[in-house]
Amino acid sequence: MGPESHKCLLFFIIGACLVAGGLGLGVNWGTISTHPLPPKIVVKLLKDNGFNKVKLFEADHGALTALGNSGIEVMVGIPNDLLATLAGSVQAAVNWVNQNVSGFVSRNGVDIRYVAVGNEPFLKDYGDRFTHTTFPALQNIQAALIKAGIAHKVKATVPLNADVYQSDTTLPSGGNFRADIHDLMISIVKFLNNNAAPLMVNIYPFLSLNSDPNFPIDFAFFEGASNPIVDGTLTYNNVFEANYDTLISALEKNGFPNLPVIIGEVGWPTDGAANANLKNARKFNQGLINRILQGKGTPKRRTPPDVYIFSLIDEDSKSVAPGNFERHWGMFYYDGGVKYQLNMGRGKSLVPAKRVKYLAKKWCVMSPQASPSNTSSVADSIGYACQFADCTSLGYGSSCGNLDARSNASYAFNMYYQTKNQSAGACNFNNMATITTTDPSQNGCRFEIMIDISKTPKNGSPPSSSSPPMSLQKMVGIILIFVAGTISFAP
Ligand SMILES: *[C@@H]1O[C@H](CO)[C@@H](O)[C@H](O)[C@H]1NC(C)=O
Ligand SMILES: *[C@@H]1O[C@H](CO)[C@@H](O)[C@H](O)[C@H]1NC(C)=O
Ligand SMILES: *[C@@H]1O[C@H](CO)[C@@H](O)[C@H](O)[C@H]1NC(C)=O
Ligand SMILES: *[C@@H]1O[C@H](CO)[C@@H](O)[C@H](O)[C@H]1NC(C)=O
């Protein structure tokens with residue numbers, strides 16, 4: 001599909017504006033949560049919001065089953081800790097593909113398009129851990145896809161972190177692969193090219209901003225910067241384009257100027273760091289979605305890449321090694337609630353998850369009789385609660401960072417209580433805690449009630465969404481173009 005097909009078409013006769021074909025809204029669906037939303041609810045959430053591509057970090061059988069016959073394209077990930085096994089023998093890869101891919105394609109009607117081998121295996125922090133297993137694992141998975149007779153449809157690739165390339169000159173045109181893995185990257189790129197598979201990279205403007213206090217803030221977003229980077233005839237107004245084109249330069253320099261590139265992850269968190277908030281996340285993701293809707297490429301490559309936004313829902317048990325923000329990348333809260341509104345095109349806005357079952361409407365808080373100034377005892381209790389529950393919103397600059405000492409303790413007690421399914425013994429804390437039915441939420445700090453994952457929706461598809469699947473829209477669009485003639489414009 002050319003860029004024309006990504007544009008909004010204005011139809012004289014019906015006066016309606018449709019997105020005609022080619023368009024894809026992708027999103028990452030991570031499940032590292034104490035109480036993951038039931039897969040059926042998530043699939044409905046994806047459909048209701050027009051996401052037609054989803055990336056999974058592992059071959060979660062519940063998620064795959066729910067994605068059957070959904071019309072959603074699926075990318076299935078392989079965690080890094082499986083790479084050694086898969087690199088070790090073709091048979092291991094054959095077993096993996098048979099159990100986690102082929103069966104779901106043929107029996108369950110899951111539209112699997114990609115297998116993502118490893119997850120940022122060449123991240124500098126990992127040192128050499130996966131440098132010797134990633135490429136052999138990719139080769140064995142490719143062989144297994146061929147053996148299963150699905151290699152024409154299911155492509156194998158590797159989700160790479162953006163530090164596999166860098167610029168020799170600080171300008172995008174100076175892009176090349178990192179010296180220590182240069183030859184390995186060339187081998188992988190050549191292999192992908194031979195198998196008509198895309199390269200995949202994760203790009204994080206938020207991390208650029210978060211790690212460098214001197215980073216110009218508007219360069220992290222999309223709407224023009226006061227400090228553009230001028231690179232020959234090309235001008236860069238945001239780090240996303242500059243970063244992406246650094247990769248394109250690296251590909252050009254090494255003889256692969258046309259290799260398709262997919263953005264495997266890009267997004268903005270809402271909590272857990274100074275620049276992680278609702279306003280910034282909304283601004284970034286709206287800018288990103290506008291680009292996707294407009295089919296906008298970069299200065300160096302006009303064809304837009306496929307993009308998978310990171311992320312769909314918050315994950316309350318992810319490692320916080322990268323920072324407290326790591327549990328807050330979702331466009332939706334842990335329960336599928338809308339965090340901030342986005343214009344998703346065609347006048348549509350985000351809609352929350354439906355049919356979510358919650359635990360009872362009650363919270364655990366510090367009791368009025370207990371004193372928050374009993375410092376050591378309170379600190380111990382908070383420490384205990386936060387060891388098992390997610391307290392990342394309590395940090396400095398976070399959504400609950402301004403609570404007074406009493407509410408601070410209450411927040412921690414409640415998170416523990418909810419994480420423990422509101423079980424009877426989970427709201428005690430040396431008799432300092434009590435249960436209330438009055439919502440203690442305040443000033444943007446949300447005291448959650450956990451979802452009840454024991455009550456999952458019954459079998460059978462949930463009521464179908466009001467919007468037709470993309471293929472039907474595409475058909476309608478094509479028929480109308482043929483009948484009516486159109487003008488097309490970039491929104
Ligand atoms: C995938 O297949 C392998 C067999 O190779 C199996 O051990 C594994 O549990 C399956 N599921 C996932 C999520 O990887
Ligand atoms: C302080 O905490 C200790 C230990 O839980 C408790 O024995 C004591 O009564 C508390 N004092 C006050 C004033 O709450
Ligand atoms: C909230 O609790 C944490 C953990 O004990 C503590 O570090 C922080 O100082 C507390 N904040 C207030 C305002 O009491
Ligand atoms: C909460 O309930 C769910 C569903 O019954 C269960 O799977 C989970 O282990 C429980 N969590 C805790 C911490 O008890």
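Because the structure is predicted, anything quoted here is derived from the model rather than measured. Remember, it's 1-based here, ligands and their atoms both numbered in the order they're listed.
- In this structure a side-chain-to-backbone donor-acceptor pair under 3.5 Å is missing from N202 to I263.
- Using a 4.0 Å cut-off between heavy atoms, N100 contacts ligand 1 through its side chain alone, with no backbone atom that close.
- Closer than 4.0 angstrom to ligand 3 by heavy atom are I382, L403, A405, N408, sorted by chain and number.
- When the options N277, T270, N285, N280 are evaluated for a side chain to side chain donor-acceptor pair (under 3.5 Å) with Y340, the one that passes is N285.
- Residues that satisfy the side chain to side chain donor-acceptor pair (under 3.5 Å) test with D125, not counting sequence neighbours, are absent from this structure.
- Remark: aromatic rings of F122 and F130 are distant, center separation not under 6.0 Å.
- Of all atoms in ligand 1, numbered sequentially from 1 with element shown, those under 4.0 Å from a heavy atom of Q99 are 2 (O), 3 (C), 4 (C), 6 (C).
- Per-residue contacts place S454 under 4.0 angstrom from the following atoms of ligand 4 (heavy atoms of the residue considered): 4 (C), 5 (O).
- Aromatic pair W329/Y204: centroids less than 6.0 angstrom apart.
- No donor-acceptor pair closer than 3.5 Å links the side chain of S33 to the backbone N or O of H35.
- Taking the six-membered ring for Trp and the full ring otherwise, the centers of Y165 and F177 sit at least 6.0 Å from each other.
- Those atoms of ligand 4 that come under 4.0 Å of a heavy atom in I453, given as number and element, are 3 (C), 4 (C).
- When only interatomic distances are considered, the shortest N/O to N/O separation between H35 and ligand 4 does not fall below 3.5 Å.
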Can you list, pair by pair, the side-chain donor-acceptor contacts under 3.5 Å of residues 60-67, counting residues two or more places apart and other chains?
residue	atom	partner	partner atom	Å
D60	OD1	G62	N	3.0
D60	OD1	A63	N	2.9
H61	NE2	N100	OD1	2.8
T65	OG1	H61	O	2.6

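- The ring-ring contact (aromatic ring centres under 6.0 Å, His included) contacts involving residues 351-388 comprise Y384-F388, Y384-Y416, where partners must be two or more places apart or lie in separate chains.
- Contact annotation for T419 and ligand 4: only backbone heavy atoms (N, CA, C, O) come within less than 4.0 Å of the ligand.
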